[in-house]
Amino acid sequence: MEKIPILRIGKVLLVTIQVDMHDRLALALQEDLSERIVRDEANGVIIDISALDIVDSFIGRVLSNTAAVARILDAETIVVGMQPAVAITLVELGLNLTGVKTALNVELGMAMLSRRLRS
Amino acid sequence: MSQPSSNILADVINKYEAELTNDWKRTLTQVSVGTGLESELAQLCTQFLPLFSRAVQRAAQENINSTEWDEARNLLAEFSRLRARQGFTPTQTAMFIFSLKQPLFSLFRREFATQPAELADATWLSNTLLDQLGLFTVEVFQQSRDQIISRQQQELLELSTPVVKLWQNILALPLIGTLDSSRTQVVMESLLQKIIETGAAIAIIDITGVPTVDTLVAQHLLKTVAAARLMGADCIISGIRPQIAQTIVHLGVDLEDVITKATLADAFVVALQRTGATLSPTLKA
Amino acid sequence: MTSDVQIPSAMPLYTDDDVVRVRAQVRQFAVEIGLSLVDQTKVVTAASELARNTLRHAGGGEARLQILQRENMRGLHLAFSDRGPGIADIGLAMTDGYTSGGGLGLGLGGAKRLVDEFELTTEVGKGTTVVIIKWKRF
């Protein structure tokens, strides 16, 4: 089964989603990430969705759940790079991804994480 | 419709073409077709009748959409488009065709005085055809009106406010004039696009120049703020005038989670602090 | 006034991959009729929600996609139908937050907000069909 690669940069895990995700793949990612957070002792996760052209309620829920699970494992999750059209659609759908931190791009996400770790 | 009755109709029109044209022109001056160039309408009558009779003769069905009617339809389409541009009403446009009925029917009554079957057939056929043609003019009229409207809408949208960069990582969107739902949507989309392009983490939406805000517009503003947040940027709304603040509360729109500031200057200070810049007064010597 | 340009192509909806395929096809049609990027995203997202509903709640079904052509308008007409259990309380099913499948319960109500026209027909024990239309603005 195909998998979405997870990269490690220091204490941060970086996931770049580049395929049109089907549901099983999204769930697998959620699982993989929580295992990697523990194994790699990561304290930050960045999920780059700039290549995703839709986020529906299922993917939205996976993102929220991933962030919640990560938080319990003492890692901060930041979703970066959401496209304007995707953001407008999500809001219209009624999904605000409450509890999920966001940043415009990977660089800003990284900066956000390091600020958080310093304080 | 059987071939003969359309032949009868065409024959009568051909036979009395000159008389019918004159009667039609006279009728046109009496019905409400709007004031315009009389000579133009008169010329159109003269052009239309031969096309009409030829189409009636050639076409097999009572349907003006067949190719035999192309010439007649083209002439009417051109006329209807012109009328739409000149600001006539749809009724005034369709009356051009409908006003042919009266002179045509009186002609039939005279011609078929002793032939009730032919009278009925000819009347029915011409009535059906003229109704279709009249509706056709209205349809073309409506279409060209729609085109005019959508072009104007497009032009209006293009006048929309530009998104400006105030400072490193700070964008501003000064809104001016009445906001309707579609303009708001376009403006907001371009703001979000600009956020992505510039990587600006803060955007100020200034509504000082907006006279009124209704529920839809207020909701669009809120949705934009929510969408920007999903993308990773913060929005500040500034310049909310007292009446608008009251409207927003009255409409039950919840601005709780949105940063609002009285003026663009206040919002700018907040934005600078957020981006890590500091302001300090310089003393003049 | 409405005439079909394309014969509606029926697409099966029995696996996660089918959902992905339907999304891709909807995207292609949305581009074809010239929808703006935002409207494309909205209709593809709505299709994704409804396709998943069909899969999760009825165990599968099919999607029919077609392009509508009116005098000066074009639109995308999508129908999702199944022979599943049907919906007993439509009002409840349309409510945000209501879910029978463990999701967020934004599927039906959310999809409706993303499109111009929405129609749900259902019969308990027989199945459900949801039809949505997205028009291209002027």
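By convention in this document, chain letters (A, B, ...) are assigned in the order of the sequence lines, proteins followed by strands, and residues within each chain are numbered from 1.
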Can you tell which part of Glu92(A) gets under 4.5 Å to a heavy atom of chain B, answering side chain, backbone, both or neither?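 It is the side chain, since no backbone atom gets that close.
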With only heavy atoms counted, which part of Leu108(A) is less than 4.5 Å from chain B, the side chain, the backbone, both or neither?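 Looking at Leu108(A), just its side chain touches chain B.
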Answer with side chain, backbone, both or neither: which region of Ala228(B) has an atom nearer than 4.5 Å to a non-hydrogen atom of chain A?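 Contact with chain A: none, neither part.
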Under 4.5 Å from any heavy atom of chain A - which part of Leu191(B):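 It is neither, since no heavy atom gets under 4.5 Å.
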Can you see whether [X] engages [Y] through a side-chain donor-acceptor pair at a distance of less than 3.5 angstrom?
X         : Y         : value
Asp131(B) : Thr128(B) : no
Gln18(A)  : Thr16(A)  : no
Asn169(B) : Thr275(B) : no
Asp48(A)  : Ser50(A)  : yes

